[in-house]
Participant: 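Would you mind keeping the following structure in view while I ask a few things?
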Amino acid sequence: MNEPLIHFETLGCRLNHDESEGAAHAFMREGFSVGMDGIHSGISPVPSVRLAVVNTCTVTGKAEQKARRVIRMCLEHFPNAVVLVTGCYAELEKSSIQALSAERVSILPGTKKHLLAELPAAMCGGGALSVFEGRFSKTSLDAFLLFGAKPPVVVSAQAACVKRMEAVPSPGQFVLYTPVFSRHSRASLKIQDGCDNACTFCRIHLARGRSVSLDADEVLRRVQELERQGRAEVVFTGVNLSQYRGRSQAGGEIDFAGILQQAILQTERIKFRISSFYPQHVTERLCEVISHRRVQPSFHLSVQSGSGAVLSRMARPYGPDDVLLAVKRLRAAKHEPFVSCDIIAGFPGETKQDFELTQRLCTEVDFAWIHAFPFSPRPGTPAANMDFQVPDNVKAERVRWLTDYAVCAKMRYISAWSGKTVEAVVEDSRTQNAGTVHAVTENFLHVECPLPPGNEAPLPGTVANIKLLCAEEDLIRSGAEIDCLGEYRGSASAWAADVNRSHSALQTPAAFSPEANI
């Protein structure tokens, strides 16, 4: 393989990873060689790289600290490259990023990230942005990012051979789309961006703006394209999927329950996974849709606290009872689903009694996993200046309890599934040891199992039958990717069978009518 001219580093949420994949394939379609393996301190300098793109996150102070470290590593390991920093951190903290290297760092605010789709054609146009002739410079890149100025596009014969897809007209937030994934075996599709909430601890609505949704017809077109590409499942992603409101040429708006239902009806075999959802929007109507067998039984709820008083100070639009009801409905809709959540420990004013309410909620719900974070004051948010900030040692103690509980909860969940055979999507071989299969099960367990002698290794992205055996406590506790061990039972060749029954199991609703909103 040719040494990469373009390198991508991606931090933060699944949306960022989706957008990096889309940008990477925009470069590949123009004939560029692209590297996406994460940078680390042990690698040697790579002089061939001319552009390093760092897609950043701003959700916590630690995320920003990691972004600065990655930017410095790119400057060191790619000595001939301009480092282009984009994403939410670039949207909100331009001056602090620019201070790392005014000579080699360019800033692309997250709200202008769609320009990454236009940049590859400009860079191979033979003008000031050309990398093939060695004339690529930060000055010309900054001009392009500021004014959108680019030289005439001259596509080489090599680029024409690798160009596989034409750009699809869509809102700016959704142009970084690809049905071809370099780093992920499971496809994902961004259908919503931004957020209309203004939670007191969060900067994401400042970085990504108001909620916008991909048109319903385009969502369906892209899902059908992913199915034609042979994808086993697609993950619907967004900043706040609960706020999805897509327009349709048939008239009116369609909400998330409606677009999920239409996606099921207008495909035959691809399965669907929901990335994250707000508890109060887990309605009976939504649960009727997710009860379909092609919706995967794993759900993540944005919870943050079990105290109504803390949720009120956070300006969250739900209470603890909404969480309890949401989980009850999910478990009625799917058999033993994997239900996880986010919890922030040590929000300003969180008392011992408040945290005890969070502990009580976690134990009552029995989440299969908890993503626990200490409260991180974010500049520009009301919570950063609230009274009664919780000491760091108290936050750390509460995170420890939540993390220990999460490990035990996941082990209990895996134990309940021990001995059962499930379908799983085989992951990229880069995460496999020799002679093993690494896959993600339908209920979102990351499993590793030996490949039996005489069995050909399954290709990434294909579906396998795997018998779950036991949890791997040390790996779970360390944050490793593997949760449990399993036994490989062969390819799930019948995973797409009985299409007619799949369609008849769901009646066609008036999903595109304005009255169909949650």
Side-chain angles (χ1 to χ4, degrees), residues 14 181 183-188 226-227 229-235 269-275 290 292-300 330-331 334-340 367-369 406-498 502:
R14 181 126 195 166
F181 296 81
R183 295 281 293 173
H184 299 91
S185 300
R186 296 178 301 122
S188 55
L226 289 167
E227 183 173 68
Q229 292 281 339
R231 293 291 173 175
E233 81 170 41
V234 57
V235 185
R269 60 186 183 277
I270 193 169
K271 295 190 177 183
F272 300 91
R273 198 182 296 272
I274 303 170
S275 61
I290 67 174
H292 192 272
R293 67 182 184 87
R294 284 201 283 129
V295 178
Q296 301 285 47
S298 69
F299 306 99
H300 183 81
L330 291 172
R331 287 180 173 150
K334 307 296 282 190
H335 175 65
E336 296 182 9
F338 185 96
V339 182
S340 61
F367 289 110
W369 182 250
V407 171
C408 293
K410 182 173 281 190
M411 291 176 63
R412 285 195 303 272
Y413 184 83
I414 294 171
S415 177
W417 280 83
S418 178
K420 299 177 182 178
T421 298
V422 295
E423 291 182 350
V425 178
V426 177
E427 288 281 76
D428 195 318
S429 59
R430 66 186 170 85
T431 59
Q432 298 176 11
N433 298 318
T436 64
V437 174
H438 175 204
V440 177
T441 69
E442 55 195 90
N443 55 343
F444 204 61
L445 297 177
H446 292 71
V447 60
E448 187 171 79
C449 48
L451 188 66
N455 279 259
E456 186 175 346
L459 294 174
T462 59
V463 181
N465 287 319
I466 292 179
K467 181 180 178 180
L468 298 176
L469 298 178
C470 61
E472 285 286 278
E473 180 177 357
D474 291 342
L475 294 178
I476 296 172
R477 196 171 293 279
S478 68
E481 199 167 3
I482 300 299
D483 298 320
C484 58
L485 297 180
E487 178 183 314
Y488 180 71
R489 305 298 294 271
S491 173
S493 57
W495 72 280
D498 205 357
S502 169

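Position 1 is the first residue of the sequence; numbering continues from there. Only a predicted model underlies this, so the values are computations on that prediction, with no experimental measurement involved.
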Participant: Of the non-hydrogen atoms in C484 and L468, which two are nearest, and what is the gap between them?
Facilitator: SG-CD2, 4.1 Å

Participant: Is there a side-chain contact between V235 and S275 in this structure, where contact means two heavy atoms from C-beta onward sitting under 4.5 Å apart?
Facilitator: yes

Participant: Testing the basics here: between L451 and P458, what is the closest heavy-atom pair and its distance to 0.1 Å?
Facilitator: CD1-CD, 4.1 Å

Participant: For F338, which residues count as a ring pair (Phe, Tyr, Trp, His ring centres under 6.0 Å) partner, sequence neighbours excluded?
Facilitator: Y413

Participant: Can you give me the closest heavy-atom contact between S298 and R273, atom names plus distance?
Facilitator: OG-NH1, 2.6 Å

Participant: How far apart are the closest heavy atoms of S340 and H300, and which atoms are they?
Facilitator: OG-ND1, 2.7 Å

Participant: Quick one: CD on E427 to CD on E481, what's the gap to the nearest 0.5 Å?
Facilitator: 6.5 Å

Participant: Evaluate V437 against N455 for side chain to side chain contact (heavy atoms under 4.5 Å, CB included), listing each step before the verdict.
Facilitator: CA-CA 11 Å; V437 174; N455 279 259; over 6 Å; no

Participant: With a 4.5 Å heavy-atom cut-off, do H438 and H446 have their side chains touching?
Facilitator: yes

Participant: Got a salt bridge between R331 and E336, using NZ or NE/NH1/NH2 to carboxylate O under 4.0 Å?
Facilitator: no

Participant: Counting C-beta onward and ignoring hydrogens, is there a side-chain heavy-atom pair between N465 and E423 closer than 4.5 Å?
Facilitator: yes

Participant: Please report the shortest heavy-atom distance between V426 and L459, naming the atom on each side.
Facilitator: CB-O, 3.7 Å

Participant: Any ion pair linking E487 and R489 (charged N to carboxylate O, less than 4.0 Å)?
Facilitator: yes

Participant: Between I482 and V447, is any pair of side-chain heavy atoms under 4.5 Å apart?
Facilitator: no

Participant: Between V407 and W369, is any pair of side-chain heavy atoms under 4.5 Å apart?
Facilitator: yes

Participant: With a 4.5 Å cut-off on side-chain heavy atoms, are F299 and K334 touching?
Facilitator: yes

Participant: Using side-chain hydrogen bond (donor to acceptor under 3.5 Å, both in side chains) as the criterion, point out the one residue from R294, Q296, K271 that pairs with E233.
Facilitator: Q296

Participant: What pair of heavy atoms forms the shortest contact from A439 to I466, and how long is it?
Facilitator: CB-CD1, 3.9 Å

Participant: Roughly how far, to the nearest 0.5 Å, is the CG atom of L485 from the OG atom of S418?
Facilitator: 10.5 Å

Participant: Between T441 and V422, is there a donor-acceptor pair closer than 3.5 Å when you use the side chain of the first and the backbone of the second?
Facilitator: no

Participant: Once rounded to the nearest 0.5 Å, what's the spacing between atom CD1 of I270 and atom CG of L226?
Facilitator: 5.0 Å

Participant: Are the side chains of I290 and L330 in contact, using a 4.5 Å heavy-atom criterion?
Facilitator: yes

Participant: Are the side chains of S188 and R14 in touch, meaning some heavy atoms are under 4.5 Å apart?
Facilitator: yes

